[in-house]
Novice: 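Sharing a structure with you now.
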Amino acid sequence: MLSIVALTVGIISCEKETNEDIKINVTSVSLSHKEVIIIKGDSCALSVSIKPKNATDKTIIWQSDKPSVAKVNNGTVTAVSVGDAVITAIVGGVQAQCKVSVQEGIDITFGNMSTDAPVINGAGGSTSVSFTASGDWSLETDVSWLSVSPSEGNAGSQTITITTLNNPTGKVRNGTVSLTPGKKTQSIRICQRPYIYQRKQVASGTITNSVSLYYTGTVWSRVYTVLPVPKSNLYQDIQSVNTYDGTVYDCPDGINRYMVTDLYESDIPPSGNKVIMESIRTVAYEVTANLDWIDSIPPYDPNSIECINYLGTEDNDLVDPTNPQVVSVANGLWIRANGNLIDYARRCYEWTATHMTYGLKFTDMHTITELMQTKTGDCGNFCSVFISLLRAKGIPSRHIVMISPQESDYHIRAEFYIPAYGWIPADPTFKNSDPRGDYFGKFTGKYVILSLGINPIIKDPDGYDFTASLLQTYYYWYWWYDEGSYIDFQHNFSQF
């Protein structure tokens, strides 16, 4: 029997697998930083490196374990508050972390530094600056005329010294103090004004200032005598002062000083001898202010010594910016000056020199009320009018009380203050009378400056405050047992 076997052949179909269907897993993830310090309020960007580069899923999941300290969005970490946080980047189940330390950074404050602080004033100098650092820090500057010390330190409250050199360039120059760590708020821009003064030595030597007592038939019990003692400034270098038996005191204004000789009975010298004397070794300078270099004047600081001491009225109506006539003239000059401080000061100088007539010499200081009515006065009164006009528009100004050793002549000029630049000399008395020319912004150097301003306070023989209207010549008090027929005090000021 023939048997037929049926065979069924199965056909197996194989489909080829494509590359698109193969899942490539992430093997490692790394961040651009493992640790980072960020100043509170600042931010930084983290970047992610993924291996292999052709991993199938490169989606990055960002996390912060302390969002209240540091939060993260698409790799940008923002510092919220001081503390530590960990930022994590997760890609395909693989993660990398960065430790973030949020710090306060370095907070710089200039405190009560005025607009003429040495680091800003063109003359140069040093100023202390305080700050607080939460970690190690370092400082550097980007210009040779600006330096800091110390240049590095540790966490905590710090005091550094910022120093600038004299700026003779004739223009404002800028430098930067850079602080590490930190960004935005971690730098100070120093804007130093030009030094506008040029000075030339015109005299030097030793001068003698003394008061002699002349009398007949008087028996003295006490003689108390006061002389001004000059100090160094832009216009003079006081190299030494010999006060003999006198005692030197500082005025409460911290600017002026004076000498006292207090003699009793047998110590009082015979008639014609000196009761007080000082010898002063001095170098005198002619000074010119380059007013064209003044630009971008900052506002006045009402808390500055200049504004506190040299604005407003003076005792006894010697300076009065509220006088109706002064106010009227000041308003007109201010309008014509279009608010320009230097131009206004110049107009006040010209007005005083033009409208005042020289007279009343050696008749002491007169009130502004009288001066604005009579338009007559000597050098001190000329300056009182000029100063009243300046103060009427909020410009600090003062008398400069002087004496000429060469000519034994007393004189008073003025000066006014411009923030960030300094005191500008002006002499309205000489504007029309002296052939040597303009004295707005110029001082000849022929006088020794004895005191700054009027009405300084000195001590009387009983230790009480006494207002000396002018600390220029001398003051005296005396007591006697039997009054004589003749008493005279004579002042002598020798030349260089």
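Residue numbers count from 1 along this sequence.
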Novice: Apply salt bridge (Lys or Arg N to Asp or Glu O under 4.0 Å) to Arg398 and Glu415, showing your working.
Specialist: CA-CA 6 Å; Arg398 63 190 180 189; Glu415 62 184 15; 2.7 Å; yes

Novice: Just one of Trp423, Tyr344, Phe440 clears the ring pair (Phe, Tyr, Trp, His ring centres under 6.0 Å) bar with Phe416, so which one?
Specialist: Phe440

Novice: Asn331: what forms a side-chain hydrogen bond (donor to acceptor under 3.5 Å, both in side chains) with it, not counting sequence neighbours?
Specialist: Lys393

Novice: Taking C-beta and beyond as the side chain, do Leu263 and Arg222 meet within less than 4.5 Å on heavy atoms?
Specialist: no

Novice: I'd like to know whether CD1 of Ile305 has more than 12 heavy-atom contacts from other residues, nucleotides or ligands below 6.0 angstrom.
Specialist: no

Novice: To the nearest 0.5 Å, what is the distance between CG (Leu471) and CG (Leu452)?
Specialist: 10.0 Å

Novice: Working note: Cys191 + Val172, criterion side chain to side chain contact (heavy atoms under 4.5 Å, CB included); need CA distance, chi angles, decisive distance, verdict.
Specialist: CA-CA 7 Å; Cys191 176; Val172 175; 3.2 Å; yes

Novice: Honestly, is Arg413 close enough over Tyr439, meaning NZ or CZ under 6.0 Å from the six-membered ring centre and within 45° of the axis?
Specialist: no

Novice: Would you say the side chain of Ile160 lies within less than 4.5 Å of the side chain of Pro150, judging by non-hydrogen atoms?
Specialist: yes

Novice: Determine whether a donor-acceptor pair (N or O, by modelled atom type, separation under 3.5 Å) exists between the side chain of Ser64 and the backbone of Ala70.
Specialist: yes

Novice: Parallel, tilted or perpendicular, judged at 30° and 60°: which one describes the rings of Tyr195 and Tyr197?
Specialist: perpendicular

Novice: Kindly give the heavy-atom pair with the smallest separation between Thr164 and Gln192, and that separation in Å.
Specialist: OG1-NE2, 3.5 Å

Novice: Flag the pair Lys446 / Met402 as yes when at least one side-chain heavy-atom distance between them is below 4.5 Å, and no otherwise.
Specialist: no

Novice: Check Asn167 against Pro194 and note the closest heavy-atom contact, atom names and distance.
Specialist: ND2-CA, 3.4 Å

Novice: Do Ser328 side-chain atoms and Pro324 backbone N/O form a donor-acceptor pair below 3.5 Å?
Specialist: no

Novice: Is the side chain of Asn455 donor-acceptor paired with the backbone N or O of Thr467 at a distance under 3.5 Å, no angle test?
Specialist: no

Novice: Show your reasoning for whether salt bridge (Lys or Arg N to Asp or Glu O under 4.0 Å) applies to Lys459 and Asp262.
Specialist: CA-CA 12 Å; Lys459 293 295 183 182; Asp262 195 4; over 6 Å; no

Novice: Evaluate side chain to side chain contact (heavy atoms under 4.5 Å, CB included) for Asp84 paired with Val69, printing each intermediate quantity in order.
Specialist: CA-CA 7 Å; Asp84 295 326; Val69 173; 5.9 Å; no

Novice: To the nearest 0.5 Å, what is the distance between SG (Cys379) and OH (Tyr358)?
Specialist: 5.0 Å

Novice: For Arg193 and Ser296, indicate whether the former's side chain and the latter's backbone hold a donor-acceptor pair under 3.5 Å.
Specialist: yes

Novice: Quick check against the 3.5 Å criterion: does Arg391 have a side-chain atom that pairs as donor or acceptor with the backbone of Thr313?
Specialist: no

Novice: Under 6.0 Å from the six-membered ring centre of Trp145 and within 45° of its axis: does the NZ or CZ of Arg173 meet both?
Specialist: yes

Novice: Quick check: do Ile297 and Ile418 have side-chain heavy atoms less than 4.5 Å from each other?
Specialist: yes

Novice: Say whether, by atom type as modelled, one donor and one acceptor occur between the side chain of Ser149 and the main chain of Thr161 under 3.5 angstrom.
Specialist: no

Novice: Hey, could you give me the SG/NE2 distance between Cys383 and His411, rounded to the nearest 0.5 Å?
Specialist: 6.5 Å

Novice: Mind checking whether Tyr264 and Trp479 have ring centres under 6.0 Å apart?
Specialist: no

Novice: Between Gln236 (side chain only) and Ile449 (backbone N and O only), is there a donor and an acceptor less than 3.5 Å apart?
Specialist: yes

Novice: Classify the side-chain pair Thr208/Asn492 by whether it contains a donor and acceptor separated by less than 3.5 Å.
Specialist: no

Novice: How about Val226 and Met259: do any of their side-chain heavy atoms sit closer than 4.5 Å?
Specialist: no

Novice: What are the two closest non-hydrogen atoms of Leu371 and Thr376, and how far apart are they?
Specialist: CD2-O, 3.2 Å

Novice: Might you confirm whether atom NZ of Lys231 has over 12 heavy atoms from other residues, nucleotides or ligands at distances under 6.0 Å?
Specialist: yes

Novice: Apply side chain to side chain contact (heavy atoms under 4.5 Å, CB included) to residues Ile424 and Phe443 and explain how you reach the verdict.
Specialist: CA-CA 9 Å; Ile424 310 299; Phe443 173 64; over 6 Å; no

Novice: Taking C-beta and beyond as the side chain, do Asn323 and Thr369 meet within less than 4.5 Å on heavy atoms?
Specialist: yes

Novice: For the pair Asp245 and Lys274, evaluate salt bridge (Lys or Arg N to Asp or Glu O under 4.0 Å) and give the outcome as yes or no after the intermediate values.
Specialist: CA-CA 11 Å; Asp245 294 327; Lys274 295 177 175 59; over 6 Å; no

Novice: Applying side chain to side chain contact (heavy atoms under 4.5 Å, CB included), run through Ser384 and His399 and close with a yes or a no.
Specialist: CA-CA 8 Å; Ser384 293; His399 298 75; 3.0 Å; yes

Novice: Would the Tyr285 and Tyr235 ring centres measure less than 6.0 Å apart?
Specialist: no

Novice: Using side-chain heavy atoms (C-beta onward) and a distance below 4.5 Å, is Ile196 in contact with Ile294?
Specialist: yes

Novice: Verify, without hydrogens or angle tests, whether Thr141 (side chain) and Ser147 (backbone) share a donor-acceptor contact under 3.5 angstrom.
Specialist: no

Novice: Can you see which heavy atom on Val143 is nearest to which on Asn174, and at what distance?
Specialist: CG1-O, 4.0 Å

Novice: Considering all heavy atoms of both residues, which atom of Leu470 and which atom of Tyr475 are nearest to each other, and what is their separation?
Specialist: O-OH, 3.2 Å

Novice: Do the numbers put Arg347 on top of the ring of Trp334, so that NZ or CZ is under 6.0 Å from the six-membered ring centre and no more than 45° off the axis?
Specialist: no

Novice: Report, as yes or no, whether the 6.0 Å neighbourhood of atom NZ on Lys71 holds more than 12 heavy atoms from other residues, nucleotides or ligands.
Specialist: no

Novice: Is atom CG of Asn338 surrounded by more than 12 heavy atoms (other residues, nucleotides or ligands) closer than 6.0 Å?
Specialist: no

Novice: Quick check, are the ring centers of Phe489 and Tyr478 under 6.0 angstrom apart?
Specialist: yes

Novice: Less than 3.5 Å apart, any donor N or O on the side chain of Tyr417 or Asn309 sitting next to an acceptor on the other?
Specialist: no

Novice: Check whether any side-chain N or O of Asn381 sits under 3.5 Å from a backbone N or O of His366 as a donor-acceptor pair, and report yes or no.
Specialist: yes

Novice: State, without any angle test, whether Thr163 and Ser126 hold a side-chain donor-acceptor pair at a distance under 3.5 Å.
Specialist: yes

Novice: Looking only at heavy atoms, what is the nearest atom pair of Ser388 and Asp320, with distance?
Specialist: OG-N, 3.1 Å

Novice: Side chains of Thr282 and Asp237: does their closest heavy-atom pair fall under 4.5 Å?
Specialist: no

Novice: Quick check: does any side chain N or O of Ser304 sit under 3.5 Å from a backbone N or O of Asp301, one acting as donor and the other as acceptor?
Specialist: yes

Novice: Hey, could you give me the CD1/OG1 distance between Ile280 and Thr206, rounded to the nearest 0.5 Å?
Specialist: 9.5 Å

Novice: Anything under 30° is parallel, anything over 60° is perpendicular, the rest tilted; go ahead and classify His491 against Tyr474.
Specialist: tilted

Novice: Starting at OG of Ser469, measure out to CD of Glu314 and round the result to the nearest 0.5 Å.
Specialist: 11.0 Å

Novice: Working to the nearest 0.5 Å, report the span between CD of Glu152 and CG of Asn154.
Specialist: 8.5 Å

